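Note that the structure is a prediction, hence the values are computed from the model and not measured.
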Amino acid sequence: MKMAVVRTLSRVARQALRTPTCGCQPITVAVRNISFSPRQVTSDASFHSVSFSETDHPKVLITGGLGQLGVGLAKMLRKRFGKNNVILSDIRKPPSHVFHNGPFIYSDILDYKNLREIVVNNRITWLVHYSALLSAVGEANVPLARAVNITGLHNILDIAAEHGLRLFVPSTIGAFGPTSPRNPTPDLCVQRPRTIYGVSKVHAELMGEYYHHRYGLDFRCLRYPGIISADSQPGGGTTDYAVQIFHDAVKTGKFECNLKPDTRLPMMYIEDCLRATLEVMEAPVDTLSMRTYNINAMSFTPEELGREVQRQLPDLQVTYHVDQVRQAIADSWPMNFDDDNARRDWGWKHEYDLPELVQTMLAFIGSESRIAHAN
């Protein structure tokens with residue numbers, strides 16, 4: 001009797017899979033698990049991104065949401081799409097102001113089942129994948145960086161393809177290496193990074209584009225320059241000196257830089273970065289001539305940044321104690337990004353140059369310092 005029931009269920013399942021209502025190619029599925037993922041499908045399977053009307057709002061999941069960019073992006077997207085349509089996630093406990101400002105959920109990108117349940121249970125349509133170990137931290141723990149930045153990405157790609165998500169994965173200036181053209185660095189050129197962070201980001205770019213061409217995944221990627229933000233602490237990146245200088249200038253009036261004074265790198269204020277992310281996610285598919293774009297705003301050296309800060313705070317003392325690991329990383333990175341394709345294809349345009357950046361950062365951190373002192 002039990003065997004007869006199993007044979008009947010198998011026959012029904014096979015019949016259902018031979019006549020899919022979505023027009024997709026047949027897929028191979030075990031009887032005990034009718035749902036599928038790209039890890040289970042046959043080689044001739046295809047995926048199609050779910051489309052939604054312009055009057056509908058996407059349902060967004062942000063991984064690594066407690067990092068430098070996640071909280072700011074969530075705030076921007078919630079203003080645009082509604083508070084409950086944007087879910088922050090991380091493996092750390094959020095501070096109270098983050099927890100009370102909108103949905104937050106525990107999510108470990110290395111836990112495939114947990115991540116898949118979150119996407120299904122919350123009917124996610126956009127996924128912003130910010131979970132990663134940055135350059136200097138990654139070099140200090142390569143096995144962990146490999147697991148988070150590569151294995152975690154594979155989980156994200158499979159789930160995004162399975163559920164027809166629009167997927168954003170950031171890349172970085174670190175995706176280039178010493179043999180890449182440095183001034184300027186175009187979208188398409190030699191990429192031979194020398195850090196696990198950079199290698200993992202090149203891997204992400206290529207895997208995302210492969211899934212786009214192979215499965216129809218709506219993959220979108222921006223190569224961020226160094227990102228400067230007033231409301232988050234440095235997180236282990238090589239460009240962190242450009243954030244630390246403002247905190248030290250306000251609090252102690254002294255700053256020790258871990259890069260050489262003439263180290264030129266492309267940089268961007270966080271508001272420009274977050275706006276670019278939203279703009280590329282909203283860009284119509286037919287405007288995208290590629291899936292991975294450079295974006296840029298300004299390019300400066302520690303010496304130039306120090307002088308600009310000293311125009312506002314003349315008593316600031318800047319000294320240099322070079323970290324050889326970070327310096328070697330910086331010397332292999334672009335000095336300036338060519339972002340003409342982003343400006344042409346979907347209208348990218350930055351708003352903050354160096355003077356505006358310095359004034360904004362000092363005003364924000366200065367007000368925070370005065371409030372803390374008063375308290």
Side chains of [Y] and [X]: any donor to acceptor distance under 3.5 Å?
X      : Y      : result
Gln191 : Ser180 : no
Tyr224 : Thr277 : yes
Asp240 : Gln244 : no
Ser135 : Thr238 : yes
Gln327 : Asp323 : no

Exercise. With a 4.5 Å limit on heavy-atom distance, are the side chains of Thr63 and Leu127 in contact?
Worked result: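 Contact flag for Thr63/Leu127 side chains = yes.
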
Exercise. Less than 4.5 Å apart, any side-chain heavy atom of Pro103 and any of Asn84?
Worked result: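 Side chain of Pro103 against side chain of Asn84, heavy atoms only: contact under 4.5 Å found.
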
Report yes or no: does [X] contribute a side-chain atom to a donor-acceptor pair with the main-chain N or O of [Y] at less than 3.5 Å?
X      : Y      : result
Arg78  : Val86  : yes
Thr287 : Ala283 : no
Thr151 : Val148 : no
Glu256 : Thr319 : no
Asn149 : Ala132 : no
Ser131 : Gly64  : yes
Thr172 : Arg223 : no

Exercise. Rounded to the nearest 0.5 Å, how far does CE of Met267 lie from CG of Leu357?
Worked result: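 Nearest 0.5 Å value for the CG-CE distance: 9.5 Å.
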
For this session: Sequence neighbours left out, what pairs pass side chain to side chain donor-acceptor pair (under 3.5 Å) with at least one residue falling in residues 338-353?
Result: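 Found Asp187-Asn341, Ser289-Asp345, Tyr293-Asp345, Asp339-Arg343, Asp339-Trp348, Asn341-Arg344, Arg343-His350, His350-Asp353.
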
Problem set entry | Passing option when Lys201 is tested against Cys221, Pro193, Ser171 for side chain to side chain contact (heavy atoms under 4.5 Å, CB included) |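 For Lys201, the side chain to side chain contact (heavy atoms under 4.5 Å, CB included) check succeeds only for Ser171.
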
For this session: Over all heavy atoms of both residues, which pair between Ile124 and Ile87 is shortest? Give the atoms and the distance, please.
Result: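 Reported closest heavy-atom pair: CD1-CD1, 4.2 Å.
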
Does a salt bridge link [X] with [Y], judged by any charged N lying under 4.0 Å from a carboxylate O?
X      : Y      : result
Arg220 : Asp218 : yes
Arg275 : Glu279 : yes
Lys260 : Glu303 : no

Exercise. Rest of the hydrophobic cluster containing Leu206 (Ile/Leu/Val/Met/Phe/Trp/Tyr, side-chain heavy atoms under 4.5 Å)?
Worked result: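 Besides Leu206, the hydrophobic cluster comprises Val202, listed by chain and residue number.
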
Exercise. When Ile, Leu, Val, Met, Phe, Trp and Tyr are grouped by side-chain heavy atoms lying under 4.5 Å apart, directly or through other members, which residues fall in the same group as Val199?
Worked result: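 Besides Val199, the cluster holds no residue at all.
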
